[in-house]
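Just so we're on the same page: letters track the sequence lines, and every chain starts at 1.
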Protein chains: 2
Amino acid sequence: MVADTSETTAGGSAGAATCTPSLTAAPLGEAEAVALARVLSALADPVRLRLVSIVSAAGEVCSCDLEGPLARSQPTVSHHTKVLAEAGILVGEKRGRWTWWRLSPGCLADLRQALGG
Amino acid sequence: MVADTSETTAGGSAGAATCTPSLTAAPLGEAEAVALARVLSALADPVRLRLVSIVSAAGEVCSCDLEGPLARSQPTVSHHTKVLAEAGILVGEKRGRWTWWRLSPGCLADLRQALGG
DNA sequence: AGTGTTCATCGACAGCCGTCGATCTCATCA
DNA sequence: TGATGAGATCGACGGCTGTCGATGAACACT
């Protein structure tokens with residue numbers, strides 16, 4: 001139901017989550033904390049961390065090339081890519097029959113900054 | 001059952017978790033992913049994020065001064081500080097009747113580096 | 001000793017999350 | 001048009017997690 005031409009990014013509200021709140025500066029408002037927690041939750045899973053590292057190392061990865069290295073079923077891999085995309089960490093692009101995933105540019109940098117960079 | 005003189009840090013195995021694995025470099029081994037996920041899970045909660053930001057801003061905070069700002073019961077606050085301490089993010093020191101919490105030095109920096117810094 | 005305070009632990013409950021098999025959608029190719 | 005194949009969705013199950021009230025342990029002060 002995401003219904004777009006080809007870009008499968010953030011569902012619509014989590015993309016700008018990592019923009020500017022700093023953990024170590026001010027006491028951090030409740031809304032900012034919820035937004036930051038959403039992104040961190042997406043990364044707080046061993047399978048998704050390895051997924052992100054694989055995508056990061058390869059630059060671009062097809063979904064079908066993730067099941068093997070992650071040792072997870074196709075529905076599970078699809079679930080994890082969806083979670084990461086909704087958190088604004090991954091960007092998916094459908095090319096023909098395959099979906100290619102790459103890192104959302106600047107997202108990890110924003111996250112590092114939010115963590116007190 | 002932590003049973004030590006006064007330092008309530010990592011339970012014993014999570015402290016060195018954030019040391020050197022880089023998300024964006026190599027494909028990230030399974031053990032490293034589990035260790036990183038453990039730290040991220042500790043931070044992936046709005047209440048704990050606000051807790052950390054409060055401690056960070058104040059430098060040092062007593063447990064009893066957290067219930068109010070966090071709007072959580074005393075057992076819940078105690079639970080969260082324990083989770084953060086076991087993840088190596090907070091360090092607790094008992095002084096008299098109070099427990100004072102401060103950030104584990106270098107922990108957030110290590111985390112930022114693990115995230116591709 | 002007795003009392004009050006600070007914090008940790010326990011037990012319970014509701015809700016969320018990772019996982020997979022089965023199924024559905026849709027693009028490609030014969 | 002029909003067959004094939006990639007990937008998204010559904011439904012279910014077990015396990016983990018945030019929360020709180022009640023209780024317990026340790027300390028300070030009288």
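- Under 3.5 Å, the side chain of A:Gln74 and the base of D:dA6 form no donor-acceptor pair of N or O atoms.
- We find that NZ of A:Lys82 is positioned 8 Å from C1' of D:dA8, with the value rounded to whole Å.
- Nearest-nucleotide mapping onto DNA chain C: of A:His80 and B:Pro75, the residue sitting toward the 5' end is B:Pro75.
- Rounded to whole angstrom, the span from the CD atom of B:Glu67 across to the P atom of D:dT19 amounts to 13 Å.
- With a 4.5 Å cut-off on side-chain heavy atoms, A:Leu103 and A:Val91 do not count as touching.
- Projected onto DNA chain C by closest heavy-atom contact, A:Ser41 and A:Gly96 fall at different nucleotides, the more 5' of which corresponds to A:Ser41.
- For the pair A:Trp98 CH2 and D:dG7 C1', the interatomic distance rounds to 12 Å; values are reported in whole Å.
- A side-chain contact (heavy atoms from CB on, under 4.5 Å) with B:Glu32 is found for one member of B:Leu36, B:Val34, B:Leu28 and no other, namely B:Leu28.
- Comparing D:dT4, C:dT9, D:dT19 by their closest approach to the side chain of B:Ser78 singles out C:dT9.
- Between B:Trp100 atom CH2 and C:dT6 atom P the separation is 12 Å, expressed in whole Å.
- Across the protein-nucleic acid pair, B:Leu66 atom CG and C:dT6 atom P stand 13 Å apart, rounded to whole Å.
- When distances run from any side-chain atom of A:Thr99 to the nucleotides D:dG7, C:dC20, C:dC7, the shortest one goes to D:dG7.
- Comparing D:dA8, D:dC20, C:dA8 by their nearest atom to the side chain of B:Thr81 picks out C:dA8.
- Crowding of B:Glu60 atom CD: a count of heavy atoms from other residues, nucleotides or ligands under 6.0 Å exceeding 12.
- Distance alone, capped at 3.5 Å, places no donor-acceptor pair between the A:Thr99 side chain and the A:Gly92 backbone.
- The phosphate of C:dG18 has OP1 or OP2 within less than 4.0 Å of a side-chain N or O from A:Arg48.
- Side-chain nitrogen and oxygen atoms of B:Arg72 include at least one within less than 4.0 Å of the OP1 or OP2 phosphate oxygen of D:dT19.
- Within the nucleic acid shown, B:Ser63 comes within 4.0 Å of sugar-phosphate atoms alone, with no base atom in reach, counting heavy atoms only.
- Taking atom CZ on A:Arg38 and atom C1' on C:dC16, their separation rounds to 14 Å, with Å as the unit.
- Atom CD in A:Glu86 sits roughly 14 Å away from atom C1' in C:dC17 (whole-Å rounding).
- Candidate nucleotides C:dT5, C:dG18, C:dC7 were compared by shortest atom distance to the side chain of B:Cys64, and C:dC7 ranks first.
- Rounded to an integer number of Å, the gap from CG of A:Asp45 to P of C:dC17 is 11 Å.
- For B:Thr76 and D:dC20, the shortest distance from a side-chain N or O to OP1 or OP2 is below 4.0 Å.
- Across all strands, A:Val47 comes closer than 4.0 Å only to sugar-phosphate atoms, never to a base (heavy-atom distances).
- Closest to the A:Arg97 side chain, of the nucleotides D:dG5, D:dC27, C:dT19, is D:dG5.
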Which pairs of donor and acceptor atoms, one on a side chain in residues 39-55 of chain A, lie under 3.5 Å apart (sequence neighbours left out)?
residue, atom, partner, partner atom, Å
A:Ser41, OG, A:Ala37, O, 2.7
A:Ser41, OG, B:Ala44, O, 3.4
A:Asp45, OD1, A:Val47, N, 2.9
A:Asp45, OD1, A:Arg48, N, 3.1
A:Arg48, NE, A:Ala42, O, 2.6
A:Arg48, NH1, A:His80, ND1, 3.1
A:Arg48, NH2, A:Ser41, O, 3.3
A:Arg50, NH2, A:Pro69, O, 2.7
A:Ser53, OG, A:Arg50, O, 2.8
A:Ser53, OG, B:Pro27, O, 2.5

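- Proximity note for B:Cys62 (side chain, C-beta onward) versus D:dA8, C:dG21, C:dC7: the nearest is C:dC7.
- Ion pairing between a basic and an acidic side chain is recognised when a charged N comes within 4.0 Å of a carboxylate O; A:Arg102 and A:Glu93 show such pairing.
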